[in-house]
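What you see is a predicted model; the values in this text were computed from it and never measured.
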Amino acid sequence: MTNLYFEELMAEFGCKSIRETAFGAAEGFPYSAELLAAGEKPRMAVRFLLDAPAAPALPILKQNPIPYIQWKAEDNVLLGNIKVPSDFYAKVAIRMLLSAGTRALPQAGLAPPHTCPLCGQPHCDTYAYLNSEYRETHARCLADKLDLPDKDYTPPVVIRGNYVTGIIGALLGAILGAIPIWALALSRGRVYSAFYAFIPILSTLMFRLFRGKARRNYAGLAVFVPSVAMAFVLEQIWYWIVQADASPYPISLWQTMAQYIRYNSFGSAVYPMLFPLAFLIAGFFPAAVVLRQYAAHGQEKQRTVRGAPYVRDSAQPINPADTPETDTAADTSAAGAAKDSAKADGTAYNGATSAGPDATAPQQETTEVQP
């Protein structure tokens with residue numbers, strides 16, 4: 001789906017489009033439809049602003065689920081997300097979403113706000129995009145009381161989480177991942193390298209549990225450093241145990257660490273840890289998937305604050321008779337009613353009744369010739 005096709009599609013529902021956003025009204029409910037992702041599998045979002053929290057409408061909508069549509073309540077906004085496999089399904093999905101939404105909202109006792117956000121008075125005569133939502137207002141208020149800058153403003157992305165708690169959680173997770181390795185080594189007298197994979201996994205889970213900062217690079221570094229450090233700490237503990245058993249006098253961990261660093265090169269230090277490090281690296285793959293999802297959900301993109309020209313361009317007069325689209329089923333039923341009426345009058349129905357008498361095809365007389 002391209003932006004041009006999106007504009008043409010929403011125009012069939014009586015919407016006014018500005019770039020990737022369309023504005024319209026269905027059964028008295030103003031809504032905005034945004035093209036979130038173009039391409040072969042488009043994604044769209046339709047928003048209804050209400051005068052009360054939208055949560056009561058969700059149980060009604062979930063009674064009759066619609067393919068490719070997911071409903072969500074965000075405070076006073078009912079959000080319908082559309083994800084279709086191709087453009088072929090887009091028109092039907094939008095029609096079904098508008099129909100289901102405008103039926104469920106009155107059943108839940110919800111309605112759009114009917115007061116102008118600029119003056120606080122009712123009896124609005126215009127729809128416009130104000131306060132990040134499409135809603136009712138007055139045309140005179142848009143002309144006289146609209147106090148907005150001329151340019152649009154996009155707030156910075158809000159990243160949830162905390163740096164300090166993330167480091168603490170990742171460190172505790174690495175320690176928890178090392179405990180089974182330590183316990184098995186003491187009880188069985190050998191080191192099971194496969195358990196090193198649990199160090200980065202538990203470090204990641206604790207990082208998420210402690211609400212670490214949802215930055216992908218920071219999260220990866222916060223998990224990587226404690227995990228690798230814990231693997232080397234375990235190696236130093238094994239070396240200390242071996243040296244303490246062989247030494248005739250007591251020896252501390254710090255003494256064995258200094259001895260280890262002094263008499264071992266980098267290659268000789270890493271070689272005994274090849275298998276533990278291999279499983280440690282293997283554990284980083286599922287940890288990376290979890291961290292990627294955590295970072296994606298932890299970043300909240302703020303909606304763009306539109307300027308005065310955009311708001312005025314989005315304005316449309318309120319017409320209570322507006323509907324999202326002319327229903328073809330209604331046309332069919334009207335044609336059927338005309339046909340039944342014609343049968344009752346004893347006249348022929350030629351399918352052109354709605355066009356007036358001039359549209360009726362002339363009847364040609366035929367004369368039967370006797371041989």
Side-chain angles (χ1 to χ4, degrees), residues 159-247 250-300:
I159 301 177
R160 302 187 183 94
N162 186 276
Y163 288 103
V164 177
T165 58
I167 294 175
I168 295 174
L171 184 59
L172 290 177
I175 295 174
L176 290 176
I179 290 177
I181 303 173
W182 173 261
L184 289 172
L186 292 180
S187 61
R188 299 295 181 90
R190 58 176 298 183
V191 177
Y192 292 89
S193 300
F195 283 89
Y196 276 78
F198 289 99
I199 295 178
I201 294 175
L202 288 176
S203 180
T204 299
L205 296 178
M206 292 298 290
F207 176 87
R208 189 177 67 174
L209 181 64
F210 277 64
R211 296 291 187 267
K213 200 70 171 179
R215 289 184 179 271
R216 184 181 300 181
N217 295 336
Y218 161 76
L221 190 63
V223 170
F224 177 81
V225 173
S227 300
V228 174
M230 186 55 59
F232 280 95
V233 167
L234 288 174
E235 178 66 17
Q236 293 302 315
I237 294 176
W238 311 143
Y239 184 78
W240 170 64
I241 293 175
V242 172
Q243 294 297 323
D245 292 341
S247 176
I251 185 173
S252 65
L253 177 62
W254 306 111
Q255 290 175 328
T256 58
M257 287 181 63
Q259 182 182 356
Y260 187 90
I261 296 173
R262 183 183 303 174
Y263 295 107
N264 288 277
S265 63
F266 180 79
S268 60
V270 173
Y271 180 76
M273 298 181 60
L274 288 179
F275 284 106
L277 288 177
F279 284 101
L280 185 75
I281 294 173
F284 278 115
F285 288 98
V289 175
V290 176
L291 289 176
R292 190 181 297 112
Q293 294 177 351
Y294 177 76
H297 290 87
Q299 297 184 5
E300 181 181 356

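Closest approach of F284 to S227, counting heavy atoms only: CZ-CB, 3.8 Å. Across A222 and A170, no two heavy atoms sit closer than the pair O-CB, 3.2 Å. The minimum heavy-atom distance linking A295 with R215 is given by the pair CB-C, 4.4 Å. Here the closest non-hydrogen pair linking P286 and I201 is CG-CD1, 3.9 Å. The minimum heavy-atom distance between I199 and A178, with the atom names listed, is CG1-N, 4.1 Å. Heavy-atom minimum distance, I181 versus L234: CD1-CD1, 4.0 Å.
Annotation: the span from L176 atom CG to M230 atom CE amounts to 9.5 Å, rounded to 0.5 Å. Note that the CZ atom of F224 and the CD1 atom of I281 stand 8.0 Å from one another [nearest 0.5 Å].
No donor-acceptor pair under 3.5 Å is formed between the side chain of R160 and the backbone N or O of R211. T204 contributes a side-chain N or O that, together with a main-chain N or O of P200, makes up a donor-acceptor pair within less than 3.5 Å.
In this structure the side chain of L205 never reaches within 4.5 angstrom of the side chain of L209, judged on heavy atoms. Looking at heavy atoms from C-beta onward, L291 lies in side-chain contact with F207 at the 4.5 angstrom threshold.
The aromatic rings of Y163 and Y218 stand perpendicular to each other, their planes meeting at an angle above 60°, with 30° marking the opposite boundary.
Of the candidates L172, L171, T165, L172 is the only one forming a side chain to side chain contact (heavy atoms under 4.5 Å, CB included) with I168.
For an aromatic pair to be called close, the ring centres must be under 6.0 Å apart, and W182 with W238 satisfies this.
Around atom CZ of F198, no more than 12 heavy atoms belonging to other residues, nucleotides or ligands sit under 6.0 Å away. Heavy-atom neighbours of F275 CZ from other residues, nucleotides or ligands within 6.0 Å: at or below the threshold of 12.
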